[in-house]
Amino acid sequence: MLLLDKIFHIRSMEVNENKASVIGVLNADNVIFSAHFPGHPVLPGVCQIRIVTEVLEVMLDRKLSLTEARNLKYINIITPASSPLDIFFSKIDKTDNAINCTVTIKSGEEVCTKMSLRYE
């Protein structure tokens, strides 16, 4: 895992058939926050996608390769102060070799990011 346990620590995970909910905290001391951006730390969008991917890999107990990202909406910035974060997989659709998922990342009641991802 590239980012789990370095930037994002899972506190709890609940998986139900085609849905899942994960609560985790950000490691404010990670170097990414001092570089992006100095004095105003923000979790980069690419890191958000990677965290979602790694969480899904843990849930499915298999390695995944991202093949498509659609409908990426960065609604509110995520900072270390946004912790804890809730990652909601409102739809996980497994077909043949592909996995499609719809994900929302929230900080409290505030929606931060929405995305639709496809993996093989």
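None of these values were measured; they are calculated from a predicted model.
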- Message: Test side-chain contact (heavy atoms from CB on, under 4.5 Å) on L56 and V103; report intermediate values, then the result.
- Response: CA-CA 11 Å; L56 190 59; V103 182; over 6 Å; no

- Task: Verify side chain to side chain donor-acceptor pair (under 3.5 Å) between Y119 and T53, making sure each step is shown before the conclusion.
- Result: CA-CA 9 Å; Y119 299 93; T53 300; 2.7 Å; yes

- Message: Run V111 and K114 through side-chain contact (heavy atoms from CB on, under 4.5 Å) and show every step you take.
- Response: CA-CA 8 Å; V111 174; K114 292 183 175 188; 3.9 Å; yes

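Of the inter-residue distances, the one linking N76 atom CG with S82 atom OG reads 8.5 Å to the nearest 0.5 angstrom. Separation of atoms CD1 (I78) and OG (S107) is listed at 7.5 Å; rounding is to 0.5 Å. Taking CG of L64 as the start and CZ of R118 as the end, the distance is 12.0 Å to the nearest 0.5 Å. For the atom pair I105 CD1 and K73 NZ, the distance stands at 14.5 Å (nearest 0.5 Å).
Transitive grouping of hydrophobic side chains (ILVMFWY, heavy atoms separated by less than 4.5 Å) keeps I77 and I75 in distinct clusters. Under the 4.5 Å side-chain heavy-atom criterion for Ile, Leu, Val, Met, Phe, Trp and Tyr, L66 and I99 are members of the same hydrophobic cluster.
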Return a table of donor-acceptor pairs under 3.5 angstrom between the side chains of residues 86-95 and protein atoms on other chains or two or more places apart.
residue : atom : partner : partner atom : Å
S90     : OG   : T102    : O            : 3.4

Please set out all donor-acceptor pairs under 3.5 angstrom arising from side-chain atoms of residues 12-41, sequence neighbours excluded.
residue : atom : partner : partner atom : Å
E14     : OE2  : N16     : ND2          : 3.4
N27     : OD1  : D29     : N            : 3.0
N27     : ND2  : K6      : O            : 3.1
N30     : OD1  : I32     : N            : 2.9
N30     : ND2  : K6      : O            : 3.1
S34     : OG   : V31     : O            : 2.8
H36     : ND1  : V42     : O            : 2.9

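With contacts defined as side-chain heavy-atom distances shorter than 4.5 Å, the pair M115/N71 does not qualify. The shortest distance between side-chain heavy atoms of L3 and C47 falls below 4.5 Å.
Between R50 and E54, at least one side-chain nitrogen of the basic residue sits less than 4.0 Å from a carboxylate oxygen of the acidic one, meeting the salt-bridge criterion.
For the salt bridge (Lys or Arg N to Asp or Glu O under 4.0 Å) test, residues two or more places apart in sequence or in another chain that qualify with R70 are E68.
For the residue pair N97 and R62, the shortest heavy atom distance occurs at O-NH2, 3.9 Å. Across L4 and V58, no two heavy atoms sit closer than the pair CD1-CG2, 3.8 Å.
In this structure, the side chain of S83 does not engage the main chain of L85 through any donor-acceptor pair within 3.5 Å.
Side-chain polar atoms of S65 and E120 form no donor-acceptor pair below 3.5 angstrom.
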